Amino acid sequence: MNIFLIPYNALRHVQVALVTGGAALLAWWALLSYMVVVGPFWAPIWDGALFLVCISASTAAASLWAEGSLRREPLFKRIPRTAIAAGLSGGFSLLWFFLWHSLVLPQIFGPEAGDDSLVSLRFRLGAFLMVGSSTAIGCLFARKGAGFFEHVGAGFASGLAGAAAWHAANSLLHDLYLAGALGAMALGGTFGLLAWGIPENLYAGWIRVLTPYRFGHRIPVDALSGGAKERFIGSYPRGLDMRLGPYVDSEPGAVRKLHVSISYDGKEVYRARGLSISPTVVRRLFEKLDLRYDPRRPAPLETRLSSGDRLEVGQGDHGGVVEFILLPKEEK
């Protein structure tokens with residue numbers, strides 16, 4: 001995965017899910033292809049276990065590999081973490097599968113419940129849930145416990161989603177081939193969607209000019225080091241981070257000498273502060289905020305910014321528009 005190809009919008013939340021779901025689907029296809037082309041060297045009792053082990057290990061590996069790719073981790077660090085996650089997830093899946101079918105199912109439904117030919121959801125739901133939980137265990141260990149509750153919820157939800165998709169294709173379409181594909185894709189995709197998403201700290205704030213004067217000019221708000229920063233916007237020729245308008249106030253395009261500032265607190269929070277009594281407006285979807293400075297207040301008005309917010313400084317010929325956007329931190 002390449003952070004440059006993932007814009008900061010709502011669709012970024014499904015990018016990891018597409019990778020993990022695709023990895024689980026490919027694992028199912030590879031296992032099935034081997035069984036058809038080469039032929040299994042294992043007993044039929046292992047078919048279901050290997051199916052779930054493959055999708056669990058591939059989902060965990062894809063999640064860790066996607067994270068490492070986005071964070072630009074070196075291969076000597078990324079490969080061991082991915083292998084550990086895949087190994088633990090696959091190992092626990094295999095263990096829980098046989099515990100479920102050998103010990104739990106016979107106690108609940110009787111000895112006949114251990115028959116491998118049974119494809120009813122009530123006999124296989126527990127196996128899917130355990131596989132989802134095993135995937136979470138492998139990823140949690142590789143991530144050193146970060147996001148514990150997210151991973152636990154994702155493991156349970158992915159197991160349910162995989163079982164539901166598998167059962168729906170089996171009962172409605174009567175197609176076990178398609179059931180395996182949909183079950184693998186649903187389990188992997190749900191886990192990738194809920195366990196680990198693309199974090200805010202991979203993006204940095206920028207200010208971009210939209211008005212004709214200096215159109216397209218942009219500067220970063222925060223330093224790449226990640227520390228707190230504040231950028232000042234106005235028309236004064238020296239000392240400002242972004243100059244809007246000519247040097248002479250009477251010329252078209254000029255704004256106040258010190259008009260507005262955009263700050264970053266080092267914790268993925270950006271704010272705009274109005275520093276002038278001239279019109280200063282923040283526009284976003286269904287919302288308009290007036291940040292002009294009120295001399296009667298002890299401090300300037302400020303608001304939290306989101307990607308895509310526009311700041312209108314000044315008005316008419318003596319005004320400008322800038323946009324706050326979030327871009328990958330590696331953007332130059």
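The model shown is predicted, which means the values in this text are computed figures rather than measured ones.
- Residues passing the side chain to side chain donor-acceptor pair (under 3.5 Å) test with Thr20, sequence neighbours excluded: none.
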Steps toward ring pair (Phe, Tyr, Trp, His ring centres under 6.0 Å) verdict (Trp46, Phe51): CA-CA 8 Å; Trp46 287 85; Phe51 164 69; over 10 Å; no
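- Applying the ring-ring contact (aromatic ring centres under 6.0 Å, His included) definition to pairs two or more places apart or across chains, those involving residues 265-288 are Tyr264-Tyr270, Tyr270-Phe324.
- Partners of Thr190 according to the side chain to side chain donor-acceptor pair (under 3.5 Å) rule, which considers only residues two or more places apart in sequence or in another chain, do not exist here.
- Scored by the ring-ring contact (aromatic ring centres under 6.0 Å, His included) test, Tyr8 finds Tyr203 as partners (sequence neighbours excluded).
- Glu73 meets the salt bridge (charged side-chain N to carboxylate O under 4.0 Å, His left out) test with Arg81; sequence neighbours excluded.
- The residues Glu323 and Arg218 are annotated as not salt-bridged, no charged nitrogen and carboxylate oxygen being separated by less than 4.0 angstrom.
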Throw together a table of side-chain donor-acceptor distances under 3.5 angstrom for residues 296-304, partners on residues two or more places apart or in other chains.
{"unit_1": "Arg296", "atom_1": "NE", "unit_2": "Asp294", "atom_2": "OD1", "d": "3.1"}
{"unit_1": "Arg296", "atom_1": "NH2", "unit_2": "Asp294", "atom_2": "OD2", "d": "3.3"}

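- Each ring-ring contact (aromatic ring centres under 6.0 Å, His included) pair with one or both residues in residues 149-173, not counting sequence neighbours, appears once here: Phe128-Trp166.
- Listed by first then second residue, pairs satisfying salt bridge (charged side-chain N to carboxylate O under 4.0 Å, His left out) with a partner in residues 276-285 read Arg283-Glu312, Arg284-Glu287, Arg284-Asp309, not counting sequence neighbours.
- For the salt bridge (charged side-chain N to carboxylate O under 4.0 Å, His left out) condition, no pair includes a residue of residues 178-197, sequence neighbours left out.
- For Leu70, the side-chain contact (heavy atoms from CB on, under 4.5 Å) partners two or more places apart in sequence, or in a different chain, are Met1, Ile3, Ile6, Trp196, Ile198, Leu202.
- With sequence neighbours excluded, no residue satisfies ring-ring contact (aromatic ring centres under 6.0 Å, His included) with Phe148.
- Sequence neighbours left out, the pairs with a member in residues 183-207 that pass salt bridge (charged side-chain N to carboxylate O under 4.0 Å, His left out) are Arg12-Glu200.
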